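Everything on this sheet refers to the single structure shown next.
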Amino acid sequence: MLRTHTCGELRTEHIGQHVTLSGWVNRRRDMGGVIFIDLRDRYGKTQIVVDTGESAESAAIAEQIRPEYVVQVTGTVSARLPGQENPNMDTGDIELKVNDLTILNASKTPPMLIDRDGGEDETLRLKYRYLDLRKERMQRNLRIRHKAIKYIRDYLDNNEFLEVETPILFKSTPEGARDYLVPSRVHPGKFYALPQSPQQLKQLLMVGGYDRYFQIARCFRDEDQRADRQPEFTQLDVEMSFVERDDILDLIEDLVRGMVNATSTVPLAYEQFPRISYTEAVEKYGSDRPDLRYDLPLVDVSDIAGQSAFGVFANNVAAGNPVKALVVPGCGDYSRKQISELEELAKVNGAKGLAWLAIDPENEQIKGFIAKFFTVQQLIALTERLNAGPGDLILFSSDTRLVVRAVLGALRDEMATRLGYKDTNTLAFAWVIDFPLFEEEKEGDHYAPSHHMFTSPMPGDIPLLKTDPHAVKAAQYDLICNGYEVGGGSIRIHNRQLQRQIMELIGFSLAEAETQFGHMLEAFEYGAPPHGGIALGIDRLMALMAGEPNIREVMAFPKNQNATDVMADAPSAVVQRQLDDLHIALAGKALERVKSS
RNA sequence: GGGGACGUGGUGCAGCGGUUAGCACGCCGGCCUGUCAAGCCGGAGGUCGCGGGUUCAAAUCCCGUCGUUCCCGCCA
């Protein structure tokens, strides 16, 4: 071993011991007669002291040392001089007096400072990721990730789950996200697909009798990036047999609660996760993954506003559409410019305009271009319903139900940001349940599944499939946190008759089903147990738990927004021979680019 | 595919029509025996992303383009 201790380990009880440390030079402070070196590894920092009067040899080496040199130091652990202790360092009561100093490896001047979080350009961080990884921030984040995943494995192992690996090279299905494809050398013109999730495979494991399965599974989706989306990401994939919905929710909630309490830097807002229906989520918060760190509810005022002389409201209510409102505390003094920013946001989300009222903080007069269309009694009824007071701003939306949701949901989110309601030091988890089995709007003349084809209806709703499919609730659930979807799953259909019924409703022919899911349908004929499961987005969970705004910060080697690895320069061109092996000829843009390079 | 923001020594930024493009950190050299973002003195380092245009004059204004990022579309 090139060390006897780590750089975060030595304390006063080690004083007098002869030890060897190895690590990176964080900083060197040359006082002339004495040189201090902060030696760093991922466990901490220790101050090294070189006294030029005591060892000319070590002093000469210390003179050459620069930041990020890798050095080995042997010396005696000593108490710091009285008054020279550093309370900001874990090892601040001691220092290592050097007997022997060796440079294990030199370093070029790094393009960024390691001991300061510099806000460097993202390209720089990603190009020199191995240097970025030396920073405290990334080391802390990857440590949280490791601890959390270890917690998950231990928890599920204690509950009789088996971790099973499933193929990375699998089969493309046209549904869902765009697949990453891998050409086959052995089968010209055919392709594997990288899994978007192990969904089918875990259901087949249930048929195989592995009644409690999990996997820390890498997944791939070839879609455009976001702060919470990378081309490859990690799911905790879970599937169980002989369970009902609440068995899964209870288990996963206990797992997540324990994991957060044990490993997260950001604490839970509350221990018990609320279970809210999809209908409540979209009607009250305008989103199927509402941010529950704050309330700011959408309130239906159709009955009052429909009576007003404002044509838009009256006509919409007469047509059966809602008028809903959002009260924004303290924003009654918004300027014309600020209001028009909000109107722009409303329009982006489908609104034709933005109606608003503001209550004067002094004289309680109600301003806003629609005020004149309301009687005094109507205004009183409105403010009472909304619990709106002096200084408040009231934002309205009236349109189809879907547009009202989208508009006020977006405004709720925006106003929470502006009002500083998004506490970054709390995690507000919740379950969203009772999703409709089918989307509200049909695709052509067919129903569209809101999750996927294998999602089971709630058992009591099965008769409704024949009479009112839109009223059928699914045994589907999402785990949400701070406005993010961090997980989702369902109880699956294991009954062939029911599966066929659903396929007919969504316009999926037997022939189509056969080519895409033949292996699934056949498997289900050999004694598929009742089963269901969930998948949690590990990267999103880790980002939330580390208080990070982007999942790049919890991945060791992420890609940038263009799905490029700027460190390794991937994807990259390959030699013609490789293409020939794969029976691939470049065409179009790809061919032009190769010719011009 | 679309919209917003950003692009200036190694790094982070200021300058936003008119001197030799400025500041901090870093880097190089010197001084210094108790520092810990050490201090002091001196120094090097820039095609202002790239291309075109407007102007007597462009880092600065306009157009295009490339890169980064956030968002919309997309993500069963």
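Nothing here was measured: the structure is a model prediction, and the numbers come from that model. Protein chains get the first letters and strands the later ones, always in sequence-line order, with residue 1 at the start of each.
No option in A/Val77, A/Thr76, A/Val49 other than A/Val49 meets the side-chain contact (heavy atoms from CB on, under 4.5 Å) test with A/Glu95.
As the counterpart of B/G22, B/C13 is assigned, both hydrogen-bonding distances of the Watson-Crick or G-U wobble pattern falling under 3.5 Å. Pair check for B/G34 finds none; no Watson-Crick or G-U wobble contact set falls under 3.5 Å. Across all strands shown, nothing is found opposite B/A59 as a Watson-Crick or G-U wobble partner with both distances under 3.5 Å. Look at B/C50: its Watson-Crick or wobble partner, with both distances under 3.5 angstrom, is B/G64. Look at B/G43: its Watson-Crick or wobble partner, with both distances under 3.5 angstrom, is B/C27.
Ring centers of A/Tyr447 and A/His470: under 6.0 Å apart, within the cut-off. Separation of the A/Phe517 and A/Phe454 ring centroids falls under the 6.0 Å cut-off.
A pairwise comparison of heavy atoms in A/Pro195 and A/Arg218 identifies CG-O, 4.3 Å as the closest pair. Shortest non-hydrogen contact noted between A/Pro87 and A/Glu85 is CD-O, 3.5 Å. The minimum heavy-atom distance between A/Asn349 and A/Val407, with the atom names listed, is O-CG2, 3.8 Å.
Side-chain contact, A/Arg29 with A/Gln47: a donor N or O sits under 3.5 Å from an acceptor N or O. Donor-acceptor pairing under 3.5 Å is recorded for the side chains of A/Gln200 and A/His519. Side-chain N/O atoms of A/Asp121 and A/Thr123 include a donor and acceptor closer than 3.5 Å.
To the nearest whole angstrom, the two C1' atoms, one in B/C62 and one in B/G45, are 33 Å apart. Spacing between B/C32 and B/G10 at atom P, rounded to whole Å, works out to 33 Å. A distance of about 15 Å separates the C1' atoms of B/C16 and B/C6, rounded to the whole Å. Comparing B/G49 with B/G15, their P atoms are spaced 15 Å from each other, to the whole Å. Nucleotides B/G9 and B/A5 place their C1' atoms 24 Å apart, quoted to the nearest Å. The same atom, P, is picked in B/U8 and in B/A14; the two are 10 Å apart, to the nearest Å. Taking atom C1' in both B/C74 and B/G3, one finds a spacing of 15 Å when rounded to whole Å. One P atom belongs to B/C13, the other to B/G7, and the distance between them is 8 Å to the nearest Å.
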> Base, backbone or nothing for each nucleotide of nucleotides 32-38 of chain B, written B, S, -, heavy atoms under 4.0 angstrom, 5' to 3'?
Replying inline: BBBBBBB
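In this structure, A/Asn349 places its CG atom 14 Å from P of B/C71, rounding to the nearest Å. One atom, CG of A/Asp222, and another, P of B/C74, lie 16 Å apart when rounded to the nearest Å. If you take OH of A/Tyr69 and C1' of B/C27, they are 12 Å apart, rounded to a whole angstrom. The distance from atom NZ of A/Lys127 to atom P of B/G67 is 16 Å, rounded to the nearest whole Å. The separation between A/Asp132 atom CG and B/U68 atom P is 17 Å, rounded to whole Å. Atom-to-atom, CD1 of A/Ile114 to P of B/G26 comes out at 14 Å; the value is rounded to the nearest Å. Going from atom CG of A/Asp565 over to atom C1' of B/U68 covers 15 Å, rounded to whole Å. Rounded to whole angstrom, the span from the CD atom of A/Glu344 across to the P atom of B/C71 amounts to 18 Å.
Of the listed nucleotides (B/G26, B/C75, B/G12), B/C75 has the atom at the smallest distance from the side chain of A/Glu223. Here the nucleotide nearest the side chain of A/Arg552, chosen from B/C70, B/C75, B/G26, is B/C70.
Each of A/Gln561 and A/Ser197 has a nearest nucleotide on RNA chain B; the 5'-most of these lies closest to A/Gln561. Comparing A/Asp121 and A/Arg66 against RNA chain B, the residue whose closest nucleotide sits nearer the 5' end is A/Asp121.
Ion pairing between a basic and an acidic side chain is recognised when a charged N comes within 4.0 Å of a carboxylate O; A/Asp51 and A/Lys97 show no such pairing. Taking the charged nitrogens against the carboxylate oxygens, A/Asp38 and A/Lys45 have no contact shorter than 4.0 Å, which rules out a salt bridge.
For A/Arg229 against B/C75, a side-chain N or O and a base N or O form a donor-acceptor pair under 3.5 Å.
Put simply, A/Arg226 has a side-chain N or O that comes within less than 4.0 Å of OP1 or OP2 on B/C72. The side chain of A/Asn562 contributes an N or O atom lying less than 4.0 Å from OP1 or OP2 of B/U68.
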Atom pairs under 3.5 Å, N or O on each side, protein against nucleotides 3-10 of chain B: can you list them with distances?
none

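Heavy-atom contacts from other residues, nucleotides or ligands closer than 6.0 Å to NZ of A/Lys135 number more than 12.
Note on A/Arg125: nothing from the nucleic acid sits closer than 4.0 angstrom, heavy atoms only. A/Asn550 comes within 4.0 angstrom of sugar-phosphate atoms only, judged by non-hydrogen atoms across all strands, and of no base.
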